[in-house]
Undergrad: 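Handing you a structure now.
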Amino acid sequence: MAKVAFLGLGVMGAPMAGHLVKAGHEVTVYNRTTAKAEAWVAEHGGAFAKTPAEAVAGADFVMTCVGNDDDLRQVCTGPDGAFSGMKAGACLVDHTTVSAKVTEELYAAAKEAALGFVDAPVSGGQAGAENGVLSVMCGGDEADYAAAEPIMAAYSKICRRLGESGAGQLTKMCNQIAIAGLVQGLSEALHFCQKAGLDGEAVVDVISQGAAGSWQMANRHKTMLADEFDHGFAVDWMRKDLGICLSTGDEIGASLPVTALVDQFYKDVQKLGGQRWDTSSLIKRLT
Ligand code: NAP
């Protein structure tokens with residue numbers, strides 16, 4: 001069993017860190033809003049610290065799951081950041097969805113400080129984190145990945161190294177590109193179904209077992225039909241991710257017309273007040 005620090009107890013991080021305790025690891029958490037860290041310790045045990053540097057003292061592994069590029073920089077290399085407190089040879093595993101650029105930057109800084117660094121964004125949503133069945137897509141040195149994989153097993157269904165540093169984030173971009181158009185298609189199908197006066201549940205029961213079936217259909221149709229979006233993966237985060245996909249697409253010469261269009265649809269949802277709504281709220285633009 002390892003000594004692990006977990007930084008960022010949001011929708012995803014809190015349950016992931018909880019699985020580490022259940023797996024028997026010695027866990028210390030840090031959250032920017034300390035009240036959440038206190039509540040987490042009351043529920044799961046372990047310890048909390050008031051800064052990333054304090055939380056990582058003596059840890060073998062440090063997991064991060066914060067918001068965007070700047071948040072990750074702050075937690076890793078900012079004042080009282082994780083890198084300043086980690087012992088030589090320890091490994092930072094980043095579960096945040098960020099750009100390949102910040103990953104490259106932090107990987108270089110980690111190596112200079114004799115630390116491991118694995119980019120390891122996740123897919124599977126809030127339910128995947130709570131049930132410990134996330135898909136984890138990794139990039140980094142083989143030795144760092146091999147050391148970190150058994151720790152990530154506490155909350156993953158599949159965990160794989162896709163290549164050198166940055167390959168995990170590039171894989172997550174493929175994931176988000178695949179989801180964007182799909183959620184719009186699902187929204188249009190359910191909108192059409194309601195306008196046609198059909199029974200939404202009955203329709204999904206049939207078509208989900210044919211070629212139209214998807215994770216989004218299985219896990220989101222009920223709440224979409226019920227007009228409920230106060231859960232899951234926030235629209236603001238999706239726009240961050242699609243922005244990363246689109247700028248990387250420009251850099252590498254990949255054409256992403258539907259992704260660009262759906263990104264603009266999410267902008268409409270933000271204007272409706274849906275910044276924190278689940279991404280399935282694309283249907284709100286249609287109703
Ligand atoms: P969230 O609920 O908004 O939580 C974000 C966490 O990051 C909070 O603990 C927040 O602290 C912390 N944080 C943000 N900025 C920080 C900063 N500058 N310094 C220190 N801590 C900071 O987000 P989430 O849904 O868990 O998502 C986290 C990451 O996972 C994002 O990159 C997201 O794109 C990705 N992701 C999310 C999902 C999903 O379904 N939710 C799925 C896959 C990937 P406070 O509590 O103080 O605000």
Side-chain angles (χ1 to χ4, degrees), residues 5-19 29-41 48-56 62-83 92-100 102-103 106 119-138 152 155-159 168-169 171-180 183 215-216 219-220 223 229-245 266 275-281:
F6 204 108
L7 316 180
L9 302 173
V11 166
M12 300 298 283
M16 290 164 79
H19 285 294
V29 295
Y30 157 81
N31 196 68
R32 179 177 56 180
T33 309
T34 307
K36 273 197 213 168
E38 285 171 339
W40 186 92
V41 168
F48 77 91
K50 290 202 171 151
T51 67
E54 271 177 46
V56 304
V62 176
M63 322 319 251
T64 49
C65 191
V66 291
N68 60 24
D69 284 20
D70 286 341
D71 300 328
L72 183 64
R73 276 193 192 97
Q74 206 171 337
V75 164
C76 291
T77 53
D80 290 325
F83 284 10
L92 191 137
V93 178
D94 175 38
H95 292 302
T96 317
T97 305
V98 288
S99 67
V102 73
T103 300
L106 293 175
D119 48 303
V122 300
S123 179
Q126 183 175 0
E130 287 170 359
N131 298 322
V133 291
L134 293 168
S135 298
V136 191
M137 14 201 148
C138 301
M152 294 187 274
Y155 41 72
S156 58
K157 177 174 64 179
I158 179 164
C159 183
Q169 294 297 349
T171 304
K172 174 73 182 182
M173 292 174 213
C174 300
N175 186 78
Q176 300 306 73
I177 292 164
I179 287 174
V183 176
W215 185 98
Q216 296 289 340
N219 290 280
R220 292 291 183 261
T223 40
F229 304 103
D230 192 14
H231 58 90
F233 181 49
V235 165
D236 277 354
W237 287 153
M238 187 58 162
R239 286 218 71 210
K240 167 203 46 124
D241 293 0
L242 296 182
I244 292 170
C245 296
Y266 278 121
Q275 292 90 339
R276 290 294 299 184
W277 291 347
D278 181 66
T279 41
S280 55
S281 58

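Both ligands and their constituent atoms are indexed starting at 1 by order of listing. Model, not experiment: these values are computed from the prediction.
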Undergrad: Which ligand 1 atoms does N31 reach within 4.0 Å, using its non-hydrogen atoms?
TA: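 Those qualifying, in numeric order: 8 (C), 9 (O), 11 (O), 45 (P), 46 (O), 47 (O).
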Undergrad: Could you check whether D94 and T64, counting side-chain N and O atoms only, form a donor-acceptor pair closer than 3.5 Å?
TA: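 Result is yes, a qualifying pair exists.
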Undergrad: Taking D278 first and then R220, would you say they form a salt bridge - that is, a charged N and a carboxylate O separated by under 4.0 Å?
TA: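 Looking at D278 and R220, the cut-off is met.
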Undergrad: Does ligand 1 have a heavy atom under 4.0 Å from the side chain of Q126, from its backbone, from both, or from neither?
TA: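 The answer is the backbone of Q126.
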Undergrad: Salt bridge or not between D70 and R73? Use side-chain N to carboxylate O under 4.0 Å.
TA: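 Yes.
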Undergrad: Just to be sure I read this right, does ligand 1 sit under 4.0 Å from the backbone of L7, its side chain, both, or neither, counting only heavy atoms?
TA: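 It is neither; nothing of L7 touches ligand 1.
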Undergrad: Is there a polar contact between ligand 1 and T97, counting only N or O atoms under 3.5 Å apart?
TA: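 N/O-N/O distance under 3.5 Å: yes.
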Undergrad: Under 4.0 Å, heavy atoms only, figure out whether ligand 1 is touched by the backbone of Q74, its side chain, both or neither.
TA: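 It is the side chain that touches ligand 1; the backbone stays farther off.
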Undergrad: Just jot down the ligand 1 atoms closer than 4.0 angstrom to any heavy atom of K240, in number order.
TA: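 Near K240, meaning under 4.0 Å from one of its heavy atoms, ligand 1 has 31 (C), 32 (O), 33 (C), 34 (O).
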Undergrad: Please could you name the atoms of ligand 1 that C65 approaches to less than 4.0 Å, counting only its heavy atoms?
TA: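 Numbered from 1, ligand 1 contributes 6 (C), 7 (O), 28 (C), 29 (C), 30 (O).
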Undergrad: At under 4.0 Å between heavy atoms, which part of M238 makes contact with ligand 1: side chain, backbone, both or neither?
TA: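 No part of M238 comes within reach of ligand 1.
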Undergrad: I'd like to check which ligand 1 atoms, numbered from 1 as shown, lie under 4.0 Å from a non-hydrogen atom of K172.
TA: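 Those qualifying, in numeric order: 43 (C), 44 (C).
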Undergrad: Side chains of Q176 and D241: do they bring a donor and an acceptor to under 3.5 Å?
TA: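 Looking only at side-chain atoms, D241 and Q176 do form a donor-acceptor pair, the distance falling under 3.5 Å.
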Undergrad: In terms of atom number and element, which parts of ligand 1 are under 4.0 angstrom from non-hydrogen atoms of G232?
TA: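 What qualifies from ligand 1 is 41 (N).
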Undergrad: Is W237 touching ligand 1 with its side chain, its backbone, both, or neither, if touching means heavy atoms under 4.0 Å apart?
TA: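 Only the side chain of W237 comes within reach of ligand 1.
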